[in-house]
Amino acid sequence: MKRIGVITSGGDAPGMNACLKTVVEMSHNYGYECLAFRRAYKGVIANDYFNITKADVAPIFNNGGSLIYSARCKEFFDPKYQEIGANNLKALGLRALVVIGGNGSYLGAECLANLGVNVICIPATIDNDVHSTTEAIGFDSAVNNATDMLDNIKQTMQANERISIIECMGRHGGNIALYSGMASQADIVAVPEDPLDKEHIYRFIRDQLNYGNASPTVVVAEKQYDVYALAKEIERDFGHECRAVILGYMQRGGRPTVKDRMLAIRYGVAAIELIDAGEQNLAIGLDNDLIVTTPINRAVKMQTNFRQDLYEAFKQLNNPRNKVK
Ligand code: F6P
């Protein structure tokens with residue numbers, strides 16, 4: 001019997017289930033048995049898998065989260081556990097392991113590839129920080145979730161003439177903050193790709209207030225500031241009310257958008273076609289809306305897919321000094 005394995009790995013992303021369903025259905029259509037490992041690399045180490053059927057995945061397509069659980073696995077940084085995992089997979093005679101996850105999951109996949117396990121990787125992370133693709137599954141859903149929340153926050157801040165500092169997820173990248181900040185017409189976006197110190201943020205807020213905006217919205221990517229402390233300082237220094245909000249996990253849950261569902265289907269179909277064609281150790285991605293592949297050992301070294309062009313456009317649009325008062 002031909003067999004493949006599948007994991008969903010790292011922080012979950014809306015659309016992971018849709019991709020899992022596609023992989024399971026496609027693998028069965030191609031005559032493969034599909035083994036799903038629970039909790040990603042943890043399940044690979046513990047040999048915790050089950051034979052996943054079309055019936056198992058029938059109801060999950062439009063659900064957030066992951067039927068087979070997603071997890072981060074610190075042990076997998078240890079070569080001892082990598083070897084245990086690789087041996088488990090080899091003993092099962094898998095044609096390939098499909099890894100649905102983000103850049104941390106790709107590093108684990110590269111280790112398995114180096115130990116002789118064939119891996120086919122599908123980008124799924126709300127952060128959109130897998131650099132071998134322009135689009136990861138889950139990013140669009142997270143941006144839509146964040147944008148809805150930013151729209152709501154902006155309305156109440158405008159009514160009360162308050163400054164707001166709103167933190168988005170993104171791990172070490174600013175993609176969610178940039179896209180949702182642009183889509184919700186935030187006034188300032190602070191991303192790690194162009195770190196802004198407190199003086200910069202103060203200058204931007206001062207400009208907005210001077211030019212008649214009594215409720216400037218500052219959207220920041222996580223891990224840069226203590227937004228609660230910053231809001232208190234701003235309130236004190238400007239003598240203007242300021243509130244901080246951390247959007248948190250509400251960005252990561254919920255039903256995948258149509259865009260993410262389509263992406264999940266396209267990547268899932270491509271994965272099984274590649275495996276059946278005998279392809280080895282690839283990261284699947286999108287470039288100019290076309291499916292592309294990159295060798296996994298190259299994919300993990302690629303540097304950034306941050307949309308600098310959009311960031312520049314945002315800054316141009318939102319510079320109050322460009323506006324006639
Ligand atoms: O990678 C996805 C992500 O949601 C990041 O945006 C965030 O930094 C991180 O996961 C949170 O991780 P955890 O779920 O382990 O708290």
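Throughout, numbering of the chain's residues begins at 1 and tracks the sequence. Bear in mind that the values here come from a model prediction, so they are computed numbers and not experimental data. Remember, it's 1-based here, ligands and their atoms both numbered in the order they're listed.
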Trainee: Looking just at side-chain N and O atoms, do T257 and N144 make a donor-acceptor pair shorter than 3.5 Å?
Mentor: no
Trainee: Using a 3.5 Å cut-off on N or O atoms only, is G170 in polar contact with ligand 1?
Mentor: yes
Trainee: Scan for salt bridge (charged side-chain N to carboxylate O under 4.0 Å, His left out) pairs involving residues 13-37, sequence neighbours excluded, and state none if there are none.
Mentor: R3-E33, K21-E25
Trainee: If the threshold is 4.0 Å, N to carboxylate O, is there a salt bridge linking K315 and E312?
Mentor: yes
Trainee: Is R72 close enough to touch ligand 1? Criterion: a residue heavy atom under 4.0 Å from a ligand atom.
Mentor: yes
Trainee: Counting N and O atoms only, with roles assigned by atom type, does the side chain of E235 sit under 3.5 Å from a partner on the main chain of C242, one being a donor and the other an acceptor?
Mentor: yes
Trainee: List in chain and number order the residues that pass ring-ring contact (aromatic ring centres under 6.0 Å, His included) with F306, two or more places apart in sequence or in another chain; answer none if no residue qualifies.
Mentor: Y311
Trainee: Can a cation-pi geometry be assigned to R39 and Y69, taking NZ or CZ under 6.0 Å from the six-membered ring centre and within 45° of the ring axis?
Mentor: yes
Trainee: Which protein heavy atom lies closest to atom 3 (C) of ligand 1, and at what distance to 0.1 Å?
Mentor: R252 NH1, 3.4 Å
Trainee: Of all the non-hydrogen atoms in the protein, which one sits nearest to atom 1 (O) of ligand 1, and at what distance?
Mentor: D127 OD2, 2.7 Å
Trainee: As an exercise, identify every atom of ligand 1 less than 4.0 angstrom from a heavy atom of Y249.
Mentor: 13 (P), 14 (O), 16 (O)
Trainee: Hey, which atoms in ligand 1 end up nearer than 4.0 Å to a heavy atom of E222?
Mentor: 5 (C), 6 (O), 7 (C), 8 (O)
Trainee: With heavy atoms under 4.0 Å as the rule, classify the contact between I176 and ligand 1 as side chain, backbone, both or neither.
Mentor: neither
